[in-house]
Amino acid sequence: MQKDYDPKNIEPKWQRLWKDINLYKAPERPKRKFYVLEMFPYPSGKDLHMGHLKNYAIGDAVARIKMMQGYDVLHPMGWDSFGLPAENAAIQWGIHPKEWTEENIKGFKSQLERLGISYDWDRELATSSSEYYKWTQKLFLILYKRGLAYRKGAWVNWCPSCKTVLANEQVIDGKCERCKSKVEKRKLIQWFFKITDYAERLLKDLDKLRGHWPEHVIKQQENWIGKSVGVEIVFKVGDIPLKVFTTRADTLFGVTFISVAPDSEIVEDILKNVGPETREKIIDYINESLIKSPEEREKGKTGVFTGLYAKHPFTDEEVPVYVADYVLGEYGTGVVMGVPAHDQRDFEFATRYNLPIKIVVFPEKNEGKDFEEFIDAMCEETESEDYSFEYKGKRYVFKPKRAYEKKGILKNSLKFTGLSSDEAIKRIAEELESKNLGGRKTAYRIRDWLVSRQRYWGAPIPIIHCPKCGEVPVPEKDLPIILPHTENFLPKGRSPLEDIEDFINTKCPKCGSDAKRDPDTMDTFVDSSWYFLRFTDPKNDEDIFDPEKANLWMPVDQYIGGAEHATKHLIYARFITKVLYDEGMLEYDEPFANLFTQGLVLKKFWWSPVHLKSFPNPEDVEYKDGKPYLKKDGTPLEERVEMMSKSRGNIVPLGPFVDRYGADTARVAILFAAPPDMDFEWTDATSTAAIRFLNRVWRVFYELHEEGIRPVRVIDHQNLKGEDKEFVLKFNDLIDGIMKDYDKFKFNTAIAKLMEGLNEVDKYKLSKEVLGWFVDNFIRLLAPIAPHLSEELFHEFSMDEMYGKKSVFQTPLPQPLKGLKKESVEIGVQINGRFRGRITVPFNASEDKVLEVVKGDERLRRYISKGIKKVIYVPNKIINIITV
RNA sequence: GCUGGGGUGGCGGAAUAGGCAGACGCGCCGGACUUAGGAUCCGGUGGGGUUAUCCCGUGCGGGUUCAAGUCCCGCCCCCAGCACCA
């Protein structure tokens, strides 16, 4: 055995072995399957950095643990290689997206191989290859056939910088999630997937995932779906029924106006029923409001009166109808009833346009917190006795200052007066239903998924537009619709494919006449919404996948990825899985049985608000009075700790690190730094611990090897004595703890326990047998975390011969020994609840025995001289003695 | 504003199920080896202190309990997500 740890030499050696023995090849027919999957990456460059590694290190540890637990593991990897950044980079570097993408894939792959991650590369796929997107197109057709893919003209999010539409999920704070430009609204004809049809199931089935997915992801999805149970109420404007959705039907008698969203469909009906002057006014208003940013809309609640009046379903009173842009066209019915007294938004609108305010919900009691809040919102202090009432020595008169939004007791509400809000909602809904003027209704916040994009680098939508037959799906036999090669892919606000004559012009598959292809490509989230299914049958050239194979492996037993996909990829994938379940292709309707979301790897850098760029290199920075300045010109900087990314420049590249310290060191560093689900900042200290630890492992094992220690599989653990026994007891607890940590992905504490084990073995004088037992166990415990080093030691100690296996990963993980008996144990002593010392007593000693020891202890005796009143004894843990 | 997560040494972080707070590591201090530096090894390291068989200590204030980082009530702060959703 070599004296020094030399990862450069040993790592490629074992990577070769693993390849030669097909260690990672998933069997066709698994007996005990385990499907572990990391979210596949977008190949954004040629080089990986530490931020990337975390995801793969966790997945690899899980895969290896499962291998050693005897599972047939499926652990595939692929590339989410379609998408906007390929074009942007292509524009920047003047290289075609296809070429750029292929080069990056090569780079990523070779680095993943260099890390020795346990992928079954035979199943590799890339969403941008026609062998893959052929089936993305088929998926589109399946949805189309089921009525779940449709085209409509709608006000959609438009990113002026990316020059394409965006799904709701890709707009953050009114900005494009990629380029941060302000998103505009445009009315365009676009393709949508009808995810709203699945809203209830997506919500309800979260119950199946509870306990298996992080609670925060489940919560986010719940909020995103946003179910509200309410009441639909019809207000008639002449013959037009204006349907209103509300969760507060109890405030119905406080309605003083109706507001219609400018982008709702019912506006068309309204326009037909007003005079030409008013129509023009309304149209002007609509055009104005739709170019407003969300912030502008929020600031002033504006609207325009339509001149129409709607009839209240119970009082027959006429209330004015407005078009107002604080109402959302896409939510509920796109029409709301204005109840200024009990809704702050309506209140602001009513104040602006001098509309009456009717108070119809009062607090239950004329005192207390709610009542005071009510007075605060609705009343003003007064001196006069007129129309006023007294509370706590002060006189008040009604003068609403803001809305009172709490539930309470109804007043001024005809026969519903006196009911509680909840009771009233129920009764009003029933009554409306019997009058045919509405009833119970559920609204969801989630919108249909906008899937078309006016960009080049994506899967073409498999639809042909025929002047005679209309929309015609491409017959399956004609798939794939190949993305044509062009140098002219620059975004210009409409699809580049539209200008490629050979592509766009085609014949209608139905009638044969001249027709045009749909020019748009699909959102990349469509590609990634089913890739985990393709991995179960990646080479199938007859179908999207063979249901039999998919059902052998699905669902994914452990999915690992970033939390940022909570309301995007993770909800789309659930949706598509349910569609394919309904299509009869899957036996399970949830794709990911267990989800783990890893934390980010952060790194410090300095941002210059003067130069508007980041300075990742500490050498450019100097501190004065604790504040950072740029060395070269003295301008102030801001210290920031954020996610590693190329654009910030704060990356730690993986290549040089692995060259110097080895892949195992990189993995241990990242897994030891913090719990895997937590964000952490990468500093030099992060790697120090890992470098030292692995070197120390090597040295200790080198010495053991030199001393001629041979691994021992079974020891006579019942008959150990002295230090042998003490050590085995201790190390056995560590084995137990590490196994539990592995189950819960707590790799940081597992590594801490391995370190502890290594520290302990040095402290004792041990027999050759026990040292041999330690060698055998330690190597196998370390294997999932530092696979190359462990494999090397496995062979150095001839464990391959002992086990008759070629690789440590074909051997089982250690199990704690059973029936080990501790002779004595140290327990804490409390007197009157205060900690006073610790004593050693026989294992499972009786209370009397322990008291005897306490009484015999010099230091403790004096505390109990007054006499004992009560004793609480927890065997092997603690004794608490209460004195008189 | 709503929802979820969190607040523990100089730092990253441990602590089943209420039972000896600070595992493991980084840093720091001291020592060994060394011409020296690095590497390595050994010891120490929450604060205070009259150095003792002491006191204080897990964001703040109360409470429950023999016993609270852990449970309950009230507050403060940080992070993330959502946010005119009627």
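Computed from a predicted structure; not experimentally measured. Throughout, protein chains are lettered first and strands after them, A, B, ... in sequence-line order, and every chain is numbered starting at 1.
The CD atom of A:Gln220 sits 12 Å away from the P atom of B:G5 (whole-angstrom rounding). In this structure, CD1 of A:Ile831 is placed 15 Å from C1' of B:C54, rounded to the nearest angstrom. In this structure, A:Ile738 atom CD1 and B:A23 atom P are separated by 18 Å, rounded to whole Å. Between the CZ atom of A:Phe835 and the C1' atom of B:G22 there is a distance of 14 Å, rounded to whole Å. Whole-Å rounding puts the A:Lys855 NZ to B:U53 C1' distance at 20 Å. Computed from coordinates, the A:His565 NE2 to B:A80 P distance equals 18 Å when rounded to whole Å. Regarding A:Leu206, its CG atom lies at a distance of 14 Å from the C1' atom of B:G4, rounded to whole Å. At whole-Å resolution of the value, CD in A:Glu405 and P in B:C84 are 14 Å apart.
A:Ser228 has a side-chain polar atom (N or O) that falls below the 4.0 Å cut-off from OP1 or OP2 of B:A86. Residue A:Lys746 places at least one side-chain N or O closer than 4.0 Å to OP1 or OP2 of B:A15. One finds no side-chain N or O of A:Arg834 lying less than 4.0 angstrom from the OP1 or OP2 phosphate oxygen of B:C54. One finds no side-chain N or O of A:Tyr326 lying less than 4.0 angstrom from the OP1 or OP2 phosphate oxygen of B:A86. Phosphate contact (OP1/OP2 of B:C2, side-chain N/O of A:Asn223, threshold under 4.0 Å): absent. One finds no side-chain N or O of A:Asn759 lying less than 4.0 angstrom from the OP1 or OP2 phosphate oxygen of B:A23.
By the 4.0 Å N-to-carboxylate-O rule, A:Asp370 lies too far from A:Lys407 to be salt-bridged with it. Ion pairing between A:Arg248 and A:Asp343 fails under the 4.0 Å rule for side-chain N and carboxylate O. Contact check on A:Asp207 versus A:Arg210 returns a salt bridge, with a Lys/Arg side-chain nitrogen under 4.0 Å from an Asp/Glu carboxylate oxygen. Using a 4.0 Å cut-off between charged side-chain N and carboxylate O, A:Lys406 and A:Glu373 make a salt bridge. A salt bridge links A:Lys219 with A:Glu222: the distance from a Lys NZ or Arg NE/NH1/NH2 to an Asp or Glu carboxylate oxygen falls below 4.0 Å.
Legend: residues meeting side chain to side chain contact (heavy atoms under 4.5 Å, CB included) with A:Asn157, ordered by chain and number and at least two apart, are A:Leu166, A:Asn168, A:Val171, A:Val183, A:Lys185.
In B:G10 the O4'-C1'-N dihedral to the base is more than 90° from 0, which defines an anti nucleotide.
Aromatic ring centres of A:Phe257 and A:Phe349 lie closer together than 6.0 Å. The ring of A:His342 has its center no closer than 6.0 angstrom to the ring center of A:Phe347.
Residue A:Gln830 is in base contact, counting any heavy-atom pair closer than 4.0 Å across all strands shown. In this structure, A:Val327 reaches the bases: a heavy-atom distance under 4.0 Å links it to at least one base atom across the strands shown. Among the heavy atoms of the strands lying under 4.0 Å from A:Glu826 is at least one base atom, whether or not backbone atoms are also near. Counting non-hydrogen atoms under 4.0 angstrom, A:Met678 reaches the backbone sugars and phosphates but no base. Among the heavy atoms of the strands lying under 4.0 Å from A:Ile882 are primed sugar atoms or P, OP1, OP2 only; no base atom is included. At the heavy-atom level, A:Phe680 lies nowhere under 4.0 Å from the strands shown. Within the 4.0 angstrom heavy-atom criterion, no nucleotide atom of any strand lies near A:Tyr444. A:Ala685 comes within contact range of the sugar-phosphate backbone alone, with a heavy-atom separation under 4.0 Å but no base atom that close.
Of the candidate nucleotides B:G13, B:C54, B:A67, B:G13 has the atom nearest to the side chain of A:Pro675. Distances from the side chain of A:Arg838 to the nucleotides B:C20, B:A86, B:G4 place B:C20 closest. Closest to the side chain of A:Ala674, out of B:A86, B:G13, B:G25, is B:G13. The side chain of A:Thr688 lies closest to B:G27, out of B:G27, B:A23, B:G4. When each of B:C82, B:G12, B:C66 is scored by its nearest atom to the side-chain atoms of A:Arg445, the top-ranked nucleotide is B:C82.
Using a 4.5 Å heavy-atom cutoff, the side chains of A:Val761 and A:Phe778 are not in contact. Proximity of A:Leu602 to A:Trp682: side-chain heavy atoms (C-beta onward) are nowhere separated by under 4.5 Å.
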*asked:* With side-chain contact (heavy atoms from CB on, under 4.5 Å) as the criterion, how do A:Phe245 and A:Val336 come out once you've worked through the C-alpha distance, each side chain's angles and the decisive distance to 0.1 Å?
replied: CA-CA 6 Å; A:Phe245 176 77; A:Val336 301; over 6 Å; no
Identify each atom pair where a protein N or O and an N or O of nucleotides 39-45 of chain B are less than 3.5 Å apart, giving names and distance.
unit_1	atom_1	unit_2	atom_2	d
B:U40	O3'	A:Arg699	NH2	2.8
B:C41	OP1	A:Arg696	NE	3.3
B:C41	OP1	A:Arg699	NH2	2.9

*asked:* Expected output check: what is the dot-bracket annotation of RNA chain B, where ( ) and [ ] are pairs inside the strand (brackets for crossing ones), | is paired with another strand, and pairs are Watson-Crick or G-U under 3.5 Å?
replied: (((((((..(((......[....)))((((((.......))))))(((.....)))..(((((..]....))))))))))))....
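A residue-by-residue look at A:Ile879 and A:Met755 shows that A:Ile879 has its nearest nucleotide of RNA chain B further toward the 5' end.
Scanning atom types as modelled, no donor and acceptor separated by under 3.5 angstrom connect the side chain of A:Lys877 and the base of B:C20.
Atom-to-atom distance recorded for A:Phe731:CZ and A:Glu756:CD is 10.5 Å, nearest 0.5 angstrom.
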